Amino acid sequence: MDKKISVIIPTMNRLRDTLSCIESVLSSDYKEIEVIVVDNASSDDTVVRIKEKFENQVQLIESNINLGAAGGRNKGALKAKGEYLLFVDCDNVIDRRMISYLVEFFENKIDCGMVGPLMLIKKKPEIIWLYFADID
């Protein structure tokens, strides 16, 4: 049986980006996921639209204050029920196979404590962005 993955997405006033991000996560070929969106006191329609569009598919946590990305991740992690946590920024769109690849890699590497995906810049897909490149 696949392990449950908690996908945590912090956001604030990024409606279009957040909707695209959620759609990409829900399109994943890895099905044992819970999606947790932490809204950091958005003043736009982010909360309303997420509730309308993803009513039973996303756990929405509303913060009265802006906790920042790290605070939003922490708040989401406290509610997470998955065996693994996957933090995704709201302006990211993931490949449908990304979660499966990360879980498979992680499960097969006994000396691995953290995994991360290859990231490309949407407007310049020839550029590879390695977020955790300096971690050994």
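Keep in mind that this is a model prediction, so the values were computed, not measured.
At a threshold of 4.5 Å between non-hydrogen side-chain atoms, the residues Ile50 and Leu19 count as touching. At a threshold of 4.5 Å between non-hydrogen side-chain atoms, the residues Gln57 and Val35 do not count as touching. At a threshold of 4.5 Å between non-hydrogen side-chain atoms, the residues Ile5 and Leu85 do not count as touching. In this structure the side chain of Arg73 reaches within 4.5 angstrom of the side chain of Asp89, judged on heavy atoms. Side-chain contact between Cys21 and Val88 is present, with at least one heavy-atom pair separated by less than 4.5 Å. Residues Met98 and Leu86 form a side-chain contact, since some pair of their non-hydrogen atoms from C-beta on lies under 4.5 Å apart.
Around the NZ atom of Lys31, the shell of radius 6.0 Å holds more than 12 heavy atoms that belong to other residues, nucleotides or ligands. Around the CG atom of Asn64, the shell of radius 6.0 Å holds no more than 12 heavy atoms that belong to other residues, nucleotides or ligands.
Side-chain heavy atoms closer than 4.5 Å link hydrophobic residues (I, L, V, M, F, W, Y) into clusters, and following such links, possibly through other members, connects Val37 to Val47. In the hydrophobic clustering of this structure, Val58 does not group with Val93; members are Ile, Leu, Val, Met, Phe, Trp, Tyr whose side-chain heavy atoms approach within less than 4.5 Å, directly or through other members. Each of Tyr84 and Phe87 belongs to its own hydrophobic cluster when Ile, Leu, Val, Met, Phe, Trp and Tyr are linked at side-chain heavy-atom distances under 4.5 angstrom. Grouping the Ile, Leu, Val, Met, Phe, Trp and Tyr side chains by contacts below 4.5 angstrom, directly or via other members, places Phe54 with Val7. Using a 4.5 Å cut-off between side-chain heavy atoms of Ile, Leu, Val, Met, Phe, Trp and Tyr, with links allowed through other members, Val25 and Ile36 fall into different hydrophobic clusters.
Put simply, the side chain of Ser6 gets close to the backbone of Gly82: a donor and an acceptor are under 3.5 Å apart. Side-chain N or O atoms of Asn40 include one that pairs as donor or acceptor with a backbone N or O of Leu67 at under 3.5 Å. Asp39 places a side-chain N or O within donor-acceptor distance of the main-chain N or O of Ser42, the cut-off being under 3.5 Å.
Shown here for Ser100 and Tyr30, the closest heavy-atom pair between the two residues is OG-CB, 3.5 Å. Closest non-hydrogen pair, Ser24 versus Ile94, comes out as OG-N, 3.1 Å. Scanning all heavy atoms of the two residues, the minimum distance from Ile61 to Gly76 falls at CD1-CA, 4.2 Å. Closest non-hydrogen pair, Ala69 versus Pro10, comes out as O-CG, 3.9 Å. Between Arg97 and Asp95, the shortest heavy-atom distance links the atoms N-OD1, 2.8 Å. Listed here is the closest heavy atom pair of Met12 and Asn66: SD-ND2, 3.2 Å.
Side-chain contact, Thr18 with Thr46: no donor N or O sits under 3.5 Å from an acceptor N or O. For the residue pair Ser20 / Asp17, no side-chain donor-acceptor distance below 3.5 Å is found, with atom types taken as modelled.
Rounding to the nearest 0.5 angstrom, the gap separating the CG atom in Leu26 from the CD1 atom in Ile33 is 5.5 Å. A distance of 12.0 Å separates NZ in Lys51 from CG in Asp45, rounded to the nearest 0.5 Å.
The salt bridge (charged side-chain N to carboxylate O under 4.0 Å, His left out) with Lys3 is formed by just one residue from the set Glu104, Glu34, Glu32, Glu107; it is Glu107.
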